[in-house]
Peer 1: 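My structure is below; once you've seen it, I'll send some questions.
As the structure is a computational prediction, the values presented were derived from the model and not from experiment. Proteins get letters first, then strands, A, B, ... in listed order; numbering begins at 1 in each.
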Protein chains: 2
Amino acid sequence: MIQLAKELGLSVSTVSKAIGDSHEISASTKKRVLELVKKYKYKPNPFASNLRKKKGKQIAVIIPDIVNNFFALAVDGIESVTMSKHYDTFIYLTHENLEREKAVLEHLESGLISGLIISVCTGREGYSHFQEFYEATKLPLVFFDRVPDLLQFPKVITNNYESSFDATVRLIKAGSKRPVLITTTEPMFTSMERRRGYQDALEKQGIVFTDEMIIHCTDDMELNYTILRKIFSQKKRPDGIFASIEKYAITSYQVCKDLKLVIPKDVKVIGMTNLRTAALLNPSLSTLSQPAFDMGKEAAGLLIKMIEKKSYAAANDIIVLPNELTIRDSI
Amino acid sequence: MIQLAKELGLSVSTVSKAIGDSHEISASTKKRVLELVKKYKYKPNPFASNLRKKKGKQIAVIIPDIVNNFFALAVDGIESVTMSKHYDTFIYLTHENLEREKAVLEHLESGLISGLIISVCTGREGYSHFQEFYEATKLPLVFFDRVPDLLQFPKVITNNYESSFDATVRLIKAGSKRPVLITTTEPMFTSMERRRGYQDALEKQGIVFTDEMIIHCTDDMELNYTILRKIFSQKKRPDGIFASIEKYAITSYQVCKDLKLVIPKDVKVIGMTNLRTAALLNPSLSTLSQPAFDMGKEAAGLLIKMIEKKSYAAANDIIVLPNELTIRDSI
DNA sequence: GGCTTTTACGAAAACGTTATAGGGAAAAAC
DNA sequence: GTTTTTCCCTATAACGTTTTCGTAAAAGCC
């Protein structure tokens, strides 16, 4: 910039202001400056700029996993916004590891970023690190999908309860007398909402709920297979599945295939998933899918609004987007 | 830091050096400093630090797409390395848009990062922006998978030629008399290598190659369906498919299903894909899959080595990893 | 014309680090 | 006993911006 100033016969302050499009600078000077900027492809040093301004145009995204269509789509949505607003996006993966999540948050307390989008890892304890992060930095935080239900932060979620209710009703109306819910052992707000929807649907449809109708699966695909196979080998086996997690729908299919249970005749299945190949499975899988891309977009939009203080009210916003039920051949 | 220095009765320089573990500082002082650092959870301001040191611990990843198992896995691999080395990772998506790719590169000339990992978007012209980026910044660049074959940069690729050769041979040995290659209209180094492997395998196996045996598909899934359906409706239709791009395998399945062509009896299929659901398709899809996670790991490892100048020789490294052929029921 | 206000620019300080050069005391070397 | 070396530490100047404040000239006002 000193170079530019010298060549233009101006001071660095003037050049800086011209680049920043300050009203203090005349149109003619701005034009002269910008021309030279273009000529030399000059780019202000972001570190110097951020240091002086005490903030930058960088945000971070913390998610459990990227090898998962839902999160990949969400990141896609986030990036589409940050790109258009000229923000840079850091990405951090926790792999469902709470310690890792805490470590990333602590690292970010250094002030590297101006805002943060998070989908928390499994487990419903230990939300305190988010609160601490906020106290320490006062930076805007936006949660999406996997949100800490007990904390007061802006969130982007889906209508898990209602859509799970609807999906379960569809299973029952399609003829399932004993539909089970496959969920995770890990406590999560989203799964609890889905479970509530499932149970309320049963009640509404006059089906008696028993504890065995909730099947708890894990992160271990092999183990899940064993668990499901055992349950579906029983004489009084379930005749419907609401798989509330993507991968459990896949395992269900595997088990049914191996046990020669015909979908949808013997077992009706609806899976909560964003898999693009759902329509190509045999039979094509009925899905309850989340508007992942839009969730990312909304979260990023909200965050940037908060960063740029265009909307102070945003702080307690909770944006609810609808899940989409797509009925295919599996029910 | 001034605060810390005051409280310890030391100068800021001493504190800075103690934190930086400089040999100029005695062990006892270091201990005192680090204790207070811990107590106050002090984190050096990265902008100030980067500004003064003229470099930082941030790198960028530029890829065409994240909603694609291959790239998601690669990012996972990259992040696993950057995380352990305490680097921060920016992510940028080009969506196969060359202009976007150029814009990101130009943006990064500001000096925000210390290194760059790229998988280029389709099209084999216009590699000059990479060269220009390098000239302007002298920053280390590592390419993976989609590499600019004409440029001298370190690369992480797979044995596309050999593995495509092998896959084609397997198709033929499984009984296909007229296997076709489905590839993209967009020129890319990887597809060209795959095509070479395919053609050489045909020749080796004594099958006469004709131009119609290369089927060009696009980014438009609807159009691809139409193209494939037309070809497979002909009386003299192909009896084997080597789908060299993930999504084309899916469309192939759809077309076969709709035309009531039985896989593998009527048509044998091998798809180049990292889809986790390949085994669940009907019939299960034989795949040639890329070691995406490892490619990401290698690329990030190489980049960080170059950044930290531990290995000057890295600059012209080309790391070749093997693709994996998994034969399932589709051939 | 004398007054205030506005416009357009520059000087200098600040942002929070790290690197360079330097210095004083203690230890080592002769 | 003097010189040299080593060990710790400090003062100060960067790094490249932005911002605050000051000011001269131009413009507006009666």
Peer 1: Across nucleotides 15-22 of chain D, 5' to 3', mark each nucleotide with B, S or - according to how protein heavy atoms within less than 4.0 Å reach it.
Peer 2: BBBBBBB-
Peer 1: Going by the salt bridge (Lys or Arg N to Asp or Glu O under 4.0 Å) test, which pairs reach into residues 23-39 of chain B, not counting sequence neighbours?
Peer 2: B/Lys17-B/Glu24, B/Asp21-B/Lys30
Peer 1: Who are the side chain to side chain contact (heavy atoms under 4.5 Å, CB included) partners of A/Ala300, not counting sequence neighbours?
Peer 2: A/Ile78, A/Val81, A/Ile117
Peer 1: Classify the angle between the aromatic ring planes of B/Tyr134 and B/Phe153 as parallel (below 30°), tilted (30 to 60°) or perpendicular (above 60°).
Peer 2: perpendicular
Peer 1: For residues B/Glu7 and B/Tyr40, is any side-chain donor paired with an opposing acceptor at under 3.5 Å?
Peer 2: yes
Peer 1: Identify the 5'-most and 3'-most nucleotides of DNA chain C with at least one atom closer than 4.0 Å to a non-hydrogen atom of chain A.
Peer 2: C/dA8 to C/dG16
Peer 1: Considering only residues two or more places apart or on different chains, which pairs with a residue in residues 54-65 of chain A satisfy side chain to side chain donor-acceptor pair (under 3.5 Å)?
Peer 2: A/Asn50-A/Gln58, A/Gln58-A/Asp88
Peer 1: Reckon A/Gly111 touches a base, only the sugar-phosphate, or nothing at all at heavy-atom distances under 4.0 Å?
Peer 2: nothing
Peer 1: Would you call the rings of A/Phe71 and A/Phe144 parallel, tilted or perpendicular, where under 30° means parallel and over 60° means perpendicular?
Peer 2: perpendicular
Peer 1: Output yes when at least one side-chain N/O atom of B/Thr29 is less than 4.0 Å from OP1 or OP2 of D/dC9, else no.
Peer 2: yes
Peer 1: Evaluate whether atom CD1 of A/Ile2 has more than 12 neighbouring non-hydrogen atoms of other residues, nucleotides or ligands under 6.0 angstrom away.
Peer 2: no
Peer 1: Using the test side chain to side chain contact (heavy atoms under 4.5 Å, CB included), find all partners of B/Arg52 that sit at least two apart in sequence or belong to another chain.
Peer 2: none
